[in-house]
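To start, the structure itself, in structure tokens.
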Amino acid sequence: MIKEVLDKQDLVELNIGVTGESGSGKSTFVNAFRGLGDEEEGSAKTGPVETTMEPKAYVHPKYKNVKVWDLPGIGTPNFKANEYLKLVEFERYDFFIIIASDRFRECHIQLAKEIVRMGKRFYFVRSKIDSSINAEKRKKSFDQKKTLDTIREDCEKGLRKISIEDPVVFLISSFELGKYDLNLLQDRMEQELPQHKRRVLMLALPNITLEINEKKKKVLQENIGKVALLSASVATVPLPGLSVAMDFAIVIKEIETYYSTFGLDDPSLQKLCERSGKTIEEFKSLMKSPMIGGINPASILSLAGAAFLLVAENTVEYAVSLIPLLGSVVAGGLSYITVSIMLKRALKDIAEDARIVLMASVQTEV
């Protein structure tokens, strides 16, 4: 039953619909949200003209249950929101992201109202903020905060004029996704998603801000109790050596998940190197986790107290075979404690390494 619960949470689907006018940066956002560049394998096709003629799902490279849909552009002279939503099969999306690279227009509002009428959520995103900032930088009086506030207020004012009450606009640059309003956007999405889908969202987001890094750690920590309970249930089987072997297998699998989730696995680090100009060796030299040289029994035993606990667990397993009922209870408890301690220490170390790598990759405070 425990294993079934753990398996089911990894099968929860999340479908995100991304729409907007042609040239607003929809496809680039679809790629950035999945941690991909525009020219990487599996990326959505981008260009100065509309390249999306029908809804197309782009699967997350690490979480196959997460799909970001690049939807056809809106804003044609005969655009009708209700017909558009039927065309893209609106019911399959958990929420929509409506993107504009300038002001929001009537077509965006039509679409937003129809989405609400059909019982779905949406988020207004003003894209290409990096371009707006760069254009304003030419002025002697440039002030980034004032510029961002002006853009936000202009968008919100335009939305109020066309009957959107209390509009919220998120300022995003797909080329610098970690800057500006990404944290605000993910906070809002997280709050408004059902509980079982929040976990999926947080794991799937690219690890590009300190806030996301911390939230990933929290989500992964919530699973440790369930994983330890699974180990404890195996420990009650009166077979010497089985529990320790299973503990190693469970811990190794979880730690591999941690590295992948935080983007510290070799393929993810290689992509980071290409973007930052640093080498894998430079990043790895900054990491403190004892498992950086490889996830194996030796590195796992280096976790705080792990060796002592596993020896004790092995001894108790022998006792289980002699006194089944009492021994099983003790073995289960010790296995739970062993796995919990190892995973908490491993998660703490890996999350800290991810924070250090993130800071080094941008060479500034995030």
Side-chain angles (χ1 to χ4, degrees), residues 14-33 44-58 67-129 131-132 148 150-174 180-182 184-186 188-189 191-194 197 201:
L14 184 65
N15 288 279
I16 303 167
V18 181
T19 186
E21 290 182 289
S22 302
S24 61
K26 292 186 293 97
S27 300
T28 298
F29 180 86
V30 167
N31 295 332
F33 194 89
K45 186 178 178 182
T46 61
V49 297
E50 181 60 49
T51 56
T52 309
M53 298 297 122
E54 58 184 31
K56 184 166 183 181
Y58 289 92
K67 296 175 184 175
V68 186
W69 293 76
D70 194 357
L71 305 182
I74 61 175
T76 57
N78 298 318
F79 174 76
K80 292 181 180 178
N82 59 339
E83 292 178 4
Y84 177 86
L85 288 174
K86 286 177 184 175
L87 172 70
V88 301
E89 299 179 55
F90 79 95
E91 66 278 355
R92 69 180 156 205
Y93 309 106
D94 290 288
F95 58 83
F96 293 83
I97 292 176
I98 303 175
I99 295 182
S101 57
D102 194 5
R103 295 182 179 182
F104 290 93
R105 308 183 197 285
E106 182 62 32
C107 59
H108 299 107
I109 308 311
Q110 281 185 43
L111 187 58
K113 287 182 176 178
E114 191 66 17
I115 289 170
V116 171
R117 191 184 73 79
M118 292 180 166
K120 299 281 185 175
R121 292 192 180 274
F122 68 88
Y123 304 96
F124 284 124
V125 166
R126 165 62 158 82
S127 65
K128 302 185 180 181
I129 290 300
S131 298
S132 300
L148 293 173
T150 300
I151 294 171
R152 193 191 316 278
E153 288 166 11
D154 183 57
C155 289
E156 291 175 352
K157 183 180 178 182
L159 291 172
R160 286 192 193 95
K161 278 184 178 178
I162 38 186
S163 305
I164 295 291
E165 294 182 10
D166 300 320
V168 178
V169 176
F170 300 96
L171 311 183
I172 298 289
S173 164
S174 294
Y180 312 114
D181 287 350
L182 178 66
L184 296 176
L185 176 59
Q186 62 88 8
R188 180 63 71 92
M189 291 189 295
Q191 290 169 16
E192 296 180 347
L193 274 173
K197 298 210 175 194
L201 173 69

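The closest donor-acceptor contact from the side chain of Ser27 to the backbone of Lys45 lies under 3.5 Å. Although no hydrogens or angles enter the test, the distance criterion places no donor-acceptor pair under 3.5 Å between the side chain of Asn15 and the main chain of Asp94. Judged purely by atom type and a 3.5 angstrom limit, Tyr93 has no side-chain atom pairing as donor or acceptor with the backbone of Trp69. Without hydrogens or angle criteria, Lys26 side chain to Leu71 main chain gives a donor-acceptor distance under 3.5 Å.
Put simply, CZ on Phe122 and CD1 on Ile98 are 5.5 Å apart, with the number rounded to the nearest 0.5 Å. Rounded to the nearest 0.5 Å, atoms CG (Leu201) and CZ (Phe95) are 6.0 Å apart. Atom CG of Leu148 is separated from atom CD of Glu153 by 11.0 Å, given to the nearest 0.5 angstrom. The NZ atom of Lys113 sits 15.0 Å away from the CE atom of Met118 when rounded to the nearest 0.5 Å. Residue Asp181 holds its CG atom at 11.5 Å from OG of Ser173, rounded to the nearest 0.5 Å.
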Would Phe90 and Ile115 satisfy side-chain contact (heavy atoms from CB on, under 4.5 Å), going step by step from the backbone distance to the final call? CA-CA 8 Å; Phe90 79 95; Ile115 289 170; over 6 Å; no

Would Phe124 and Ile109 satisfy side-chain contact (heavy atoms from CB on, under 4.5 Å), going step by step from the backbone distance to the final call? CA-CA 10 Å; Phe124 284 124; Ile109 308 311; 4.1 Å; yes

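Shown here are the side chain to side chain donor-acceptor pair (under 3.5 Å) partners of Glu156, two or more places apart in sequence or in another chain: there are none. For Glu89, the salt bridge (charged side-chain N to carboxylate O under 4.0 Å, His left out) partners two or more places apart in sequence, or in a different chain, are Arg92. For Leu87, the side-chain contact (heavy atoms from CB on, under 4.5 Å) criterion is met by no residue, not counting sequence neighbours. Every residue two or more places apart in sequence or in another chain was checked for a side-chain contact (heavy atoms from CB on, under 4.5 Å) with Lys86, and none qualifies. Checked against side chain to side chain donor-acceptor pair (under 3.5 Å), Glu114 has the following partners two or more places apart in sequence or in another chain: Arg117. Take Lys67 and apply the salt bridge (charged side-chain N to carboxylate O under 4.0 Å, His left out) test, not counting sequence neighbours, and it matches no residue.
Note on ring orientation: taking the six-membered ring where Trp is involved, the planes of Phe29 and Phe33 are tilted (angle from 30° to 60°).
Shown here for Ser174 and Gly25, the closest heavy-atom pair between the two residues is OG-O, 4.5 Å. Residue Ile151 comes nearest to Ser132 through the heavy atom pair CD1-CB, 3.8 Å, listed as atom of the first residue, atom of the second, then distance. Contact between Val18 and Val68 at its shortest, heavy atoms only, is CG2-CG1, 3.8 Å. Of all the heavy atoms in Val125 and Leu185, the pair that sits closest is CG2-CD2, 4.2 Å. When all heavy atoms of Ser127 and Ser24 are compared, the pair lying nearest together is OG-O, 2.6 Å. Heavy atoms only, all atoms of each residue included: Tyr84 and Leu111 are closest at CD2-CD1, 3.7 Å.
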